[in-house]
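Letters go in sequence order (proteins before strands), and every chain restarts at 1.
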2 protein chains.
Amino acid sequence: MKIGELAQQSGLTPSRIRFYEQIGLLKAVGRRPNGYRTYPPQAVMILGLIITAQRAGFTLDEIRTLLPSDLTHWDHAALMDALTRKIADIEALQVRLTQSRAHLLRLIEDIQARPDDMDCAANAHRVLTNMLAENPEALDVTSGDIRLLDTKDRRQSLSPSRRKKTAPR
Amino acid sequence: MKIGELAQQSGLTPSRIRFYEQIGLLKAVGRRPNGYRTYPPQAVMILGLIITAQRAGFTLDEIRTLLPSDLTHWDHAALMDALTRKIADIEALQVRLTQSRAHLLRLIEDIQARPDDMDCAANAHRVLTNMLAENPEALDVTSGDIRLLDTKDRRQSLSPSRRKKTAPR
DNA sequence: CCTAACCTTGAAGCTAACTTCAAGGTCAAG
DNA sequence: CTTGACCTTGAAGTTAGCTTCAAGGTTAGG
C-alpha cells in the first residue's frame, strides 16, 4: 500500500504520516524500487492506535516510548503504568476544570449581585477585589500535566507560574 | 513603580509584562524621562486580573478584547457572554475528559482480562481490535474549544481531525 | 508522448505565550 | 569613577504537532 492509500484508510494526511515517520513513531517503512514508501496493511492499525492514544491525551513522545516495534510485544508494565498515570492526570485536570467552572459561575453571580445603590464603576471595583482576593496570587499549583484539548482543530497552551528570580543572583 | 517592582508584586517576569504591553494587553504605560516604564499601583490589579482570566481558560486574545482601557467601564454584555461561553467550553471539555478517562479504564480492564488460554501476542491483538472498534475512526468531534491545561508550566495542544482532501482536485 | 495525479526531499512556516539574547543606556553605592 | 543591578530595544528561540512550499521524479491513462 502506498502512502496515499494509507492516508485514506487511516484518515490522516500523507504529510502527517511522513511526519510521524520522521520523528520515529513509524519505523522501518518499506520502499519500492522507485523510492515510494510502501506499507503493510497493519500500518492502518498502528495509525489508528496512535490517533486513539492522542485523543486519550498522550503526546507523540509518550506514544513513541510506549509503542513497541512489534505490535504483539508490549512492555506490559510500562504500558499499565502510563495508562494509570494518564488517568490520574485526567482526574487532576477534571478537578481544575471543576474549580474554574465554579469560579466563573461565582463571578457571574457576583457581577449580577450589584447592590441597587451602587453604580457600575463601584460594582466593578467590588467584583474585581473579590475576585483577586479569591485568588491567592502566584499560588503555583504544581500538579501533574496533561494535554487534551482540541475538539475540532485547536492548538493551545497555558503556562503561568513560570517564574524566574528577578532577585539578586 | 518601575517594571521590576511591578514584576515582584504581580509575580510575573519583567519580560512577560513587556510582552503583554507589546501585544496590546497593557496599553499606555507611562515613561520616565530616562525611558524607563512607570506603572500606577493599579497595574498590579490589572495583571492579577489577566492571570486570573488565563487560569480560567481565556486566551490572551480573548482577554484583550474584553479588557476595557478603563477598569471601571466594562462591556457588561460582552463580558457576560464570554463568561457564559467559557463555562460551556469547560463543560464540553469535562465531557470529553470523562469519556477519555472511561476509555482508559476500559482499556486497562480489557488488557487484564486476558483469557487463560490466550498468549500475550493474541491478547494484544484482541485488545487492539477492541479498542479500534470502539473508536469509530475519524469521528471529527467538532465542539467548542478551550485552553486550560497548565498547572505548573506546561504547553500543550492536540489536534486531530484536521484533514485535507487527498482526493482529486 | 503528454498530462495529471501521484510520489520524493528538506526546509520553512504556523500558533500561543513567552523567554532569551545581544548590545547598550542609567543609576545608586562605595 | 567603577561596579553591579536595573532598564531599554528588536530579533530570534522555544514547544508541539503538523502543514506548506519548492523543486523535482514517477506512472497510468488516453
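Among the nucleotides D:dC7, D:dT20, C:dT19, the one closest to any side-chain atom of B:Arg16 is C:dT19.
Between the CZ atom of B:Phe19 and the P atom of C:dT15 there is a distance of 13 Å, rounded to whole Å. For the pair A:Arg32 CZ and C:dC7 P, the interatomic distance rounds to 9 Å; values are reported in whole Å. To the nearest angstrom, P of D:dT15 lies 15 Å from CG of A:Leu60. As a whole-Å value, the separation of A:Ile50 CD1 from D:dA16 P is 17 Å. Atom CD1 in B:Ile17 sits roughly 15 Å away from atom C1' in C:dA17 (whole-Å rounding). With rounding to whole Å, B:Ile23 atom CD1 is found 9 Å from C:dA16 atom C1'. Rounded to a whole Å, the CG atom of A:Leu25 is 13 Å from the C1' atom of D:dC18. Distance CD (B:Gln8) to P (D:dA5): 14 Å, rounded to an integer number of Å.
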Donor-acceptor contacts, no H, no angles, side chain residues 27-39 of chain B, under 3.5 Å, sequence neighbours left out:
unit_1  : atom_1 : unit_2  : atom_2 : d
B:Arg31 : NH1    : B:Gly35 : O      : 2.7
B:Asn34 : OD1    : B:Tyr36 : N      : 2.9
B:Arg37 : NE     : B:Glu21 : OE1    : 2.6

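For the pair B:Leu60 and B:Leu25, the minimum side-chain heavy-atom distance is below 4.5 Å.
Under the 4.0 Å criterion applied to side-chain N and carboxylate O atoms, A:Asp110 and A:Arg126 are assigned as salt-bridge partners. Using a 4.0 Å cut-off between charged nitrogen and carboxylate oxygen, B:Arg85 and B:Asp89 do not count as a salt-bridge pair.
For B:Glu91, the salt bridge (charged side-chain N to carboxylate O under 4.0 Å, His left out) partners two or more places apart in sequence, or in a different chain, are A:Arg101.
Taking 4.0 angstrom as the limit, A:Thr13 places none of its side-chain polar atoms (N or O) nearer than this to OP1 or OP2 of D:dC18. Considering only side-chain N and O atoms, A:Tyr20 lies under 4.0 angstrom from the phosphate OP1 or OP2 of D:dC18. Considering only side-chain N and O atoms, B:Ser15 lies nowhere under 4.0 angstrom from the phosphate OP1 or OP2 of C:dT20.
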Checklist entry - Which letter, B, S or -, goes with each nucleotide of nucleotides 8-13 of chain C from 5' to 3', with contact meaning a protein heavy atom under 4.0 Å? => result BB----
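Side chain to side chain, B:Thr59 and B:Asp61 fail the donor-acceptor criterion of an N or O pair below 3.5 Å.
Within the 3.5 Å criterion, the main-chain N or O of A:Gln22 finds no donor-acceptor partner in the side chain of A:Arg18.
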